[in-house]
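What you are looking at is a predicted structure, and each value in this text was computed from that prediction instead of being measured. Read the numbers this way: they start at 1 and go in the same order the structure lists the ligands and their atoms.
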Amino acid sequence: MPRQPESVNTEMSRLTISAGSSDKEEPKFHPLRTEWTMWYLDDHKQKNWMERLHEVHTFDTIEVFWSLMNAVPAPSRLNHACDYNVFRNKIQPVWEEPENKDGGRWLIETDQRMEADQINLIWTEILMAMIGEQFGQDSDNICGIVCNVRNKGSKISVWTSDADDRDANTRIGHVLKEKLMDLELPDGRRPVFSALRYEVHEDVQQKTSSLAPIRSTLVIRNSH
Ligand code: MGP
């Protein structure tokens, strides 16, 4: 059952994250290559969009990442209209940010609405691939990952910095596809995705409705 709007928003505002061990032992932290910040978009739709965006926590070690993952509700527990974002090096998760303004996103498309366990698995696995820098030479082109929790069907996308860099975006798309193809739920089901579509942020901003067509530069279909 979805939570009441206030309960999830209040829970997000009261989070405390720590990854300490016992006093006697020095904790051994495994550093990430860069720092990452998690952001939360609340569902107060009457407010200005920017005012709905809250910085949750910045982490630069595996241990703090997992403490954060254990402290926050899974995407499927958020109210509709909320977002999670995890972005590199204090890049704000907005189109207007210099690192994002010429970029775009790889959007994971599905034929059917993703179920809770599918969205949670895809979110966690692609997030881990991103902070683990599994996109090789193109890792620095990746700004962050977004999960839009929506009544009409939730969305997960990976934002990249340069929509014109077709080679880098294509390579990133193929790594994403491989990661998605490998995923399996505990009961053996595989997360369904029909295609990955690269959308330019500039086009997304200009569309006038959800159904408005946008120019998409690259599409990778799931042939299985
Ligand atoms: P959305 O959350 O990306 O898509 O943008 P949603 O809710 O699935 O809706 P649809 O249009 O894809 O069907 C919804 C709205 O949030 C946008 O139209 C903007 O008004 C606002 N918004 C979203 N983003 C990512 C930004 C942003 O980066 N900057 C600003 N200023 N507004 C944004």
Open item on the list: Any non-hydrogen side-chain atom of V146 less than 4.5 Å from a side-chain atom of I156?
Closed with: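 A side-chain contact under 4.5 Å is absent here.
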Closest non-hydrogen protein atom to [atom], residue and atom name please, with distance?
atom                    : value
atom 11 (O) of ligand 1 : K207 NZ, 3.7 Å
atom 21 (C) of ligand 1 : W49 CD1, 3.4 Å
atom 1 (P) of ligand 1  : R150 NH2, 4.0 Å
atom 4 (O) of ligand 1  : K155 NZ, 3.7 Å
atom 30 (C) of ligand 1 : E96 OE2, 3.3 Å

If you scan the protein for heavy atoms around [atom], do you find one that is closer than 4.0 Å?
atom                    : value
atom 18 (O) of ligand 1 : no
atom 24 (N) of ligand 1 : yes
atom 14 (C) of ligand 1 : no

Open item on the list: Using a 3.5 Å distance criterion without hydrogens, assess whether the side chain of N169 forms a donor-acceptor pair with backbone atoms of D162.
Closed with: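 Yes.
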TODO: Measure W95 to ligand 1 on non-hydrogen atoms and call it side chain, backbone, both or neither using the 4.0 Å cut-off.
DONE: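 Both of them.
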Open item on the list: Counting only heavy atoms closer than 4.0 Å, does ligand 1 sit against the backbone of K152, its side chain, both, or neither?
Closed with: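 Contact part for K152 vs ligand 1: side chain (C-beta onward).
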- [ ] Evaluate the salt bridge (Lys or Arg N to Asp or Glu O under 4.0 Å) criterion for residues E97 and K90: first the C-alpha distance (whole Å), next the side-chain angles of each, then the deciding distance (0.1 Å), finally the verdict.
- [x] CA-CA 10 Å; E97 191 76 345; K90 295 277 178 190; over 6 Å; no
Task: Within-shell test, Q205 vs ligand 1, heavy atom, strictly < 4.0 Å - done: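 In this structure, Q205 fails to qualify as a contact of ligand 1 - no heavy atom is under 4.0 Å.
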Task: Pairing of R150 and D83 as salt bridge, 4.0 angstrom limit - done: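 Yes, R150 and D83 are salt-bridged.
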Open item on the list: Between D117 and R189 (salt bridge meaning N to carboxylate O under 4.0 Å), is one present in this structure?
Closed with: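 Yes, D117 and R189 are salt-bridged.
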Open item on the list: Show, in sequence, the C-alpha distance, side-chain angles and deciding distance for R33 and D60, and conclude whether the salt bridge (Lys or Arg N to Asp or Glu O under 4.0 Å) test is met.
Closed with: CA-CA 8 Å; R33 195 168 67 82; D60 61 3; over 6 Å; no
Task: Intermediate values then yes/no, ring-ring contact (aromatic ring centres under 6.0 Å, His included), F87 and W159 - done: CA-CA 9 Å; F87 274 65; W159 285 29; 5.4 Å; yes
Open item on the list: Can you name the atoms of ligand 1, numbered from 1 with element, that are less than 4.0 Å from a heavy atom of V94?
Closed with: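 Selected atoms, number and element: 28 (O).
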Task: Within 6.0 Å of CD in Q112, more than 12 heavy atoms from elsewhere - done: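 Check fails, neighbour count at 12 or below.
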